[in-house]
Chemist: 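Quick one: this structure, given as structure tokens, is what I'll be asking you about.
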Amino acid sequence: NRLILSFEARAKLAKNPISEQLFKIMRCKQTTLCVAVDILNSTDLLNFAERVGPHICALKTHIDILEDFHPNLLQPLQEIAKSHNFLLFEDRKFADIGKTVEYQYSKGLYKISSWAPLVTVHSLMGRGVLDAIKTSEGLEKRGVFLLAEASAAGNLISDNYVKETIKMAEEYPELIAGVVCQNPLFLNNPGLIQLCPGVQMENKQDNLGQRYNSPLTVVLEKGADIAVVGRGITQSSDPACAAERYKKMLWDAYLQRIES
Ligand code: BMP
């Protein structure tokens, strides 16, 4: 059962090189926090990454929301990730035919495959998307988080969709780093990482259908390995301090879980 195994043990079971690296970062930095840096300005993004860097295992971006995006941003961003030992994670949620995804992933303005070792993919369009990510040009080592469940209220994902998504994830062990979901799925596959967005201490929801759980709930009840926190940290008056607080709560909950 993956919930009671340590990240150290699970790193050895990971079949994807990036998930193995992620497990090691989590263990070494004692953090399961991924910050969603949904910020509209490049300078703010870099400053923010530098400040929360020491406390996170991954920085999740939506690179296409930047109002002043220029490819020159990517080198300093990669340097910050390297200096603080966290992974860049572009939450592109690819969902098109394979050929289009190949272009969206490796071409265009953002050339995601050249700088983001981790990306998200919808299972909706089938295996062609995963084949495209696997064979496109870009970084040699890459990992995919497949989206099986969503935190959004009223989403149309059915039980069968969830089941088939897990099946698809398990068919691509060398590519799939983990699954984005809200419940403890794939318990018998400890090499995969559960990523859980919709985490916040202050609010239960926003006014556009987002739903939140507390750090304790996502780790101890919902099976989260990595928790994604966005506005809980970005909108705090002291983001570094907030990130440190989330990191501690999440890590204590993880220790409690593996010791139980
Ligand atoms: P926030 O904590 O500010 O609500 O941000 C959540 C982040 O996680 C957003 O970047 C969103 O795109 C992402 N996300 C989510 O909220 N729910 C999901 O089911 C999947 C996501 O990727």
Side-chain angles (χ1 to χ4, degrees), residues 22 31-41 44-45 48-49 52 55-67 69 77 86-95 104 110 112 116 118-124 129 133 143-159 161-162 165-166 169 176-186 192-219 222-237 239 242-243 245-247 249-250:
L22 200 45
T31 180
T32 60
L33 174 65
C34 168
V35 171
V37 59
D38 296 335
I39 285 179
L40 306 182
N41 172 283
D44 293 346
L45 170 66
F48 187 87
V52 300
H55 308 298
I56 62 177
C57 60
L59 186 79
K60 193 176 80 57
T61 51
H62 285 298
I63 204 73
D64 58 352
I65 67 175
L66 284 172
E67 291 177 324
F69 177 82
L77 187 60
F86 64 77
L87 294 177
L88 294 175
F89 179 11
E90 168 56 22
D91 191 7
R92 178 59 181 76
K93 297 193 181 71
F94 294 101
Q104 291 172 327
Y110 303 113
I112 294 167
L118 284 168
V119 294
T120 47
V121 165
H122 279 299
S123 55
L124 180 71
V129 185
I133 302 281
V144 164
F145 275 94
L146 202 56
L147 195 136
E149 292 177 319
S151 60
N155 70 74
L156 303 181
I157 295 171
S158 68
D159 291 349
Y161 185 97
V162 175
T165 301
I166 299 300
I176 301 288
V179 177
V180 182
C181 59
Q182 297 288 320
N183 288 290
L185 311 171
F186 61 91
L192 292 180
I193 297 174
Q194 177 180 336
L195 184 96
C196 191
V199 181
Q200 208 189 108
M201 294 191 271
E202 289 79 19
N203 297 304
K204 283 266 140 228
Q205 62 200 50
D206 70 5
N207 58 2
L208 293 172
Q210 174 69 303
R211 294 175 298 186
Y212 293 111
N213 286 298
S214 72
L216 226 60
T217 304
V218 290
V219 176
K222 309 286 186 181
D225 295 316
I226 296 180
V228 175
V229 182
R231 284 163 285 178
I233 290 173
T234 55
Q235 295 192 344
S236 146
S237 55
R245 228 175 32 239
Y246 274 99
K247 169 181 76 172
M249 291 188 72
L250 291 163

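Ligands are counted one by one from 1 in listed order, and the atoms in each one are counted from 1 as well. Just so it is clear, the structure is predicted and the values come from calculations on it, not from any experiment. Quick note: numbers below take in every heavy atom, side chains included, and nothing from hydrogens, waters or symmetry partners.
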Chemist: Around atom 12 (O) of ligand 1, find the nearest protein heavy atom and jot down its residue, atom name and distance.
Modeler: H62 NE2, 2.9 Å
Chemist: State, to 0.1 Å, how close L77 and A49 come at their nearest heavy-atom pair, and which atoms those are.
Modeler: CD1-CB, 4.3 Å
Chemist: What part of D38, side chain from CB on, backbone N/CA/C/O, both or neither, has a heavy atom under 4.0 Å from ligand 1?
Modeler: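 Within the 4.0 Å criterion, D38 contacts ligand 1 through side-chain atoms alone.
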Chemist: Using side-chain contact (heavy atoms from CB on, under 4.5 Å), reason through K222 and T217 one step at a time and then give a plain yes or no.
Modeler: CA-CA 6 Å; K222 309 286 186 181; T217 304; 4.1 Å; yes
Chemist: For ligand 1, is there an atom lying under 4.0 Å from some heavy atom of Q210?
Modeler: yes
Chemist: Check each heavy atom of A150 against ligand 1 and say whether those closer than 4.0 Å belong to the side chain, the backbone, both or neither.
Modeler: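 The part of A150 near ligand 1 is both the backbone and the side chain.
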Chemist: Where the closest heavy atom to atom 2 (O) of ligand 1 is concerned, which of G230, A148, S151 has it?
Modeler: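 Result: the heavy atom closest to atom 2 (O) of ligand 1 is in G230.
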Chemist: Does anything in residues 176-186 pair up under side-chain hydrogen bond (donor to acceptor under 3.5 Å, both in side chains), and if so which pairs, sequence neighbours excluded?
Modeler: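 Sorted result for residues 176-186: E149-N183.
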Chemist: Pick one of side chain, backbone, both or neither for how D91 approaches ligand 1, counting any non-hydrogen atom pair under 4.0 Å.
Modeler: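 Near ligand 1, D91 shows its side chain, while the N, CA, C and O stay back.
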Chemist: Atoms of ligand 1 less than 4.0 Å from R231 heavy atoms?
Modeler: 1 (P), 2 (O), 3 (O), 4 (O)
Chemist: Which option wins on minimum heavy-atom distance to atom 21 (C) of ligand 1: K93, R92, K60?
Modeler: K93
Chemist: Could you list the residues that satisfy ring-ring contact (aromatic ring centres under 6.0 Å, His included) with Y110, not counting sequence neighbours?
Modeler: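 Scan of Y110 (ring-ring contact (aromatic ring centres under 6.0 Å, His included), adjacent residues dropped) gives F69.
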Chemist: Of the protein's non-hydrogen atoms, which lies at the shortest distance from atom 14 (N) of ligand 1, and what is that distance?
Modeler: P197 CB, 3.7 Å
Chemist: Do the non-hydrogen side-chain atoms of T120 and F89 ever get within less than 4.5 Å of each other?
Modeler: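 Yes, close enough: below the 4.5 Å cut-off.
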Chemist: Nearest protein heavy atom to atom 1 (P) of ligand 1, by residue and atom, and its distance?
Modeler: Y212 OH, 3.5 Å
Chemist: State, to 0.1 Å, how close A224 and C196 come at their nearest heavy-atom pair, and which atoms those are.
Modeler: CB-CB, 3.5 Å
Chemist: Which heavy-atom pair separates Q194 from P184 by the least distance, and what is that distance?
Modeler: OE1-CA, 3.7 Å
